[in-house]
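A quick write-up on the structure given underneath.
All ligand and atom numbering here is 1-based and tracks the order in the structure. These figures come from a predicted structure and were not determined experimentally.
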Amino acid sequence: MKMLVFGSLNIDHVYQMDHFVRTGETIASLSYQKIEGGKGLNQAIALSKAGQHTHMAGAIGQDGLFLRDFLQSHQVDTAHLQLLPSPTGHAMIQVDREGQNCIIIHGGANQCLSRAMIDGTLSHFEAGDYLLMQNETNQGAEIIRAASEKGIHVILNPSPLSDALHSWPLEQVEWFILNEIEGAALSGKNTPAEMLDALVIRYPRGKFVLTLGAEGAYYADCQQRLFQPSVPAQAVDTTAAGDTFTGYFFHAILSGHPIAFALRRAAAAASIAVSRKGAAPSIPYPDEVEEKLQAL
Ligand code: ATP
C-alpha cells in the first residue's frame, strides 16, 4: 500500500530583526535564512525519516525547485509534484529580539491546485492506499471527495484552521490528527474529553488522534480511547513536534502495529524533535527513537 502526502510546500524567508518594521520604515535585518517549509513538505519528510516510503503531491514554481531537491534528498518520491508558472508558496517571517514573530504568507502555487491535477495524481493510487492532507492548499474538499471515492484512506490534519473546513465532507475522512486548538474548533468543546466525546458522535466512523503538547496525546474512536503521556524532554523549539508525531504515528499504523505502539513511538520521536531547533532537520531517525524508548 502507498502513502501519499497531498499538501503544501513553502519557502520560509526568516529575517532576524531588531524590532518589527513599522509603518513607513525601512530597516536592515540582522540576519536572513531561507528554509524549506510547508506542512505538507514537513509531514512527508517526517514519514520518510520514520521509514515510510512516501510520495508527495502538490505544486511549486521555478523558485521552489530546491524544495523538490530537498524532498528527494530525504527519499520522498516527487513524481507527482507539479511545476506551475506562479511563485512558490512562501512566508516572510520577522523574528524580533524577544523571539516573537510576525508573518506574511503568500499561498502562491499551493493555492493553484486544479481538479485535473487531483484526478491525475490519484489515478496512480488505488483503494487501500493512504492520503495525508492538511489545510494549506486550495481544493481540500475535492481532495477528500476524490480520494475517498476511490477507497483511499484519508488522513486529515486540519491545520491551519479556516472557516471553510466546516463545509468539507469530513464524514469521508477516516483519520483526524488534531492539536488542542483544532480539536476545540472542530468539536465546539473545551476539554479534551468533551472534544473526543463530541467528535466520535458526530463522525462515528472517524478515528481521532488529539495531541496536547507536553500533556501528551489521546486516541479515540467509537469503541476505545487511549492516552499516551508525552515523553519528558528539554524543549528548545516545538516547531514540527506535531509533524514528527504524525509521521511516526502513521508509519507505525501502516506497518500494522497497534495504536498504543504507534502513539508511544510518535511521542518518543516528537520529544526528540522538541529538544532540537528547526523544522525538518529536527525530525529524528528511527535509531534515535529506539534509543529514546529503551532509555524510558
Ligand atoms: P506544532 O504545530 O508545533 O508542530 P502541534 O500543535 O501540532 O505542534 P502538539 O500537540 O504541540 O502538536 O505536540 C505534538 C506532540 O509532540 C505531543 O503530543 C507530544 O507527544 C510532543 N510534545 C510537544 N511538546 C512537547 C514537550 N514540551 N515535551 C515533550 N513532548 C512534547
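What sits closest to atom 3 (O) of ligand 1 on the protein, heavy atoms only, is T238 O, 3.0 Å. In this structure, atom 17 (C) of ligand 1 lies nearest to the protein heavy atom G213 O, 3.2 Å. The closest protein non-hydrogen atom to atom 12 (O) of ligand 1 is T211 OG1, 3.5 Å. The protein non-hydrogen atom at the shortest distance from atom 2 (O) of ligand 1 is K39 NZ, 4.3 Å. Nearest to atom 4 (O) of ligand 1 among the protein's heavy atoms is G242 N, 2.9 Å.
Heavy-atom contacts of V231 reach the following atoms of ligand 1: 29 (C), 30 (N) (cutoff under 4.0 Å). Listed by number with element, the atoms of ligand 1 under 4.0 angstrom from any heavy atom of A235 are 27 (N). Each of the following atoms of ligand 1 lies closer than 4.0 Å to a heavy atom of A240: 4 (O).
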Sequence neighbours left out, cut at 3.5 Å: what donor-acceptor pairs do the side chains of residues 223-234 make with other protein atoms?
residue : atom : partner : partner atom : Å
R225    : NH1  : D197    : OD1          : 3.3
R225    : NH2  : D197    : OD1          : 2.7
S230    : OG   : A214    : O            : 2.7

Let me have the donor-acceptor pairs involving side chains of residues 261-275, under 3.5 Å, with sequence neighbours excluded, atom names and distances please.
residue : atom : partner : partner atom : Å
R265    : NH1  : E290    : OE2          : 2.4
S271    : OG   : A268    : O            : 2.8
S275    : OG   : I272    : O            : 2.6

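Atom CD1 of residue I177 and atom CD of residue Q134 lie 11.0 Å apart, to the nearest 0.5 angstrom. Taking CG of L67 as the reference point, atom CD1 of I60 lies at 6.0 Å (rounded to 0.5 Å). How far CG of L113 is from CD of E142: 11.5 Å, rounded to the nearest 0.5 Å.
Side-chain rings of W175 and Y130 stay apart, their centers remaining 6.0 Å or farther from each other. In this structure, F125 has its ring center under 6.0 Å from that of H80.
With a 4.0 Å heavy-atom cut-off, ligand 1 is reached by the side chain of N179 but not by its N, CA, C or O. Neither the backbone nor the side chain of I181 comes within contact range of ligand 1; no heavy atom lies under 4.0 Å. Contacts between T244 and ligand 1 below 4.0 angstrom, taking non-hydrogen atoms only, are absent altogether.
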Does the pair V76 and F70 meet the rule for a side chain to side chain contact (heavy atoms under 4.5 Å, CB included), with working shown?
CA-CA 9 Å; V76 176; F70 187 69; over 6 Å; no
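Residue nearest to atom 26 (C) of ligand 1, selected from A241, P232, A214, A270: A214 (by heavy-atom distance). Distances from atom 18 (O) of ligand 1 to the heavy atoms of G183, S230, G216 show the closest one on G216.
Using a 30° and 60° split on the angle between ring planes, F245 and F249 fall in the parallel class, below 30°.
Backbone and side-chain nitrogen or oxygen atoms of T239 are examined, and none is located within less than 3.5 angstrom of a nitrogen or oxygen of ligand 1. Ligand 1 has no N or O atom lying under 3.5 Å from any N or O atom of F245, backbone or side chain.
Residues K39 and D243 are paired through a salt bridge, judged by an N-O separation under 4.0 Å between the basic side chain and the carboxylate.
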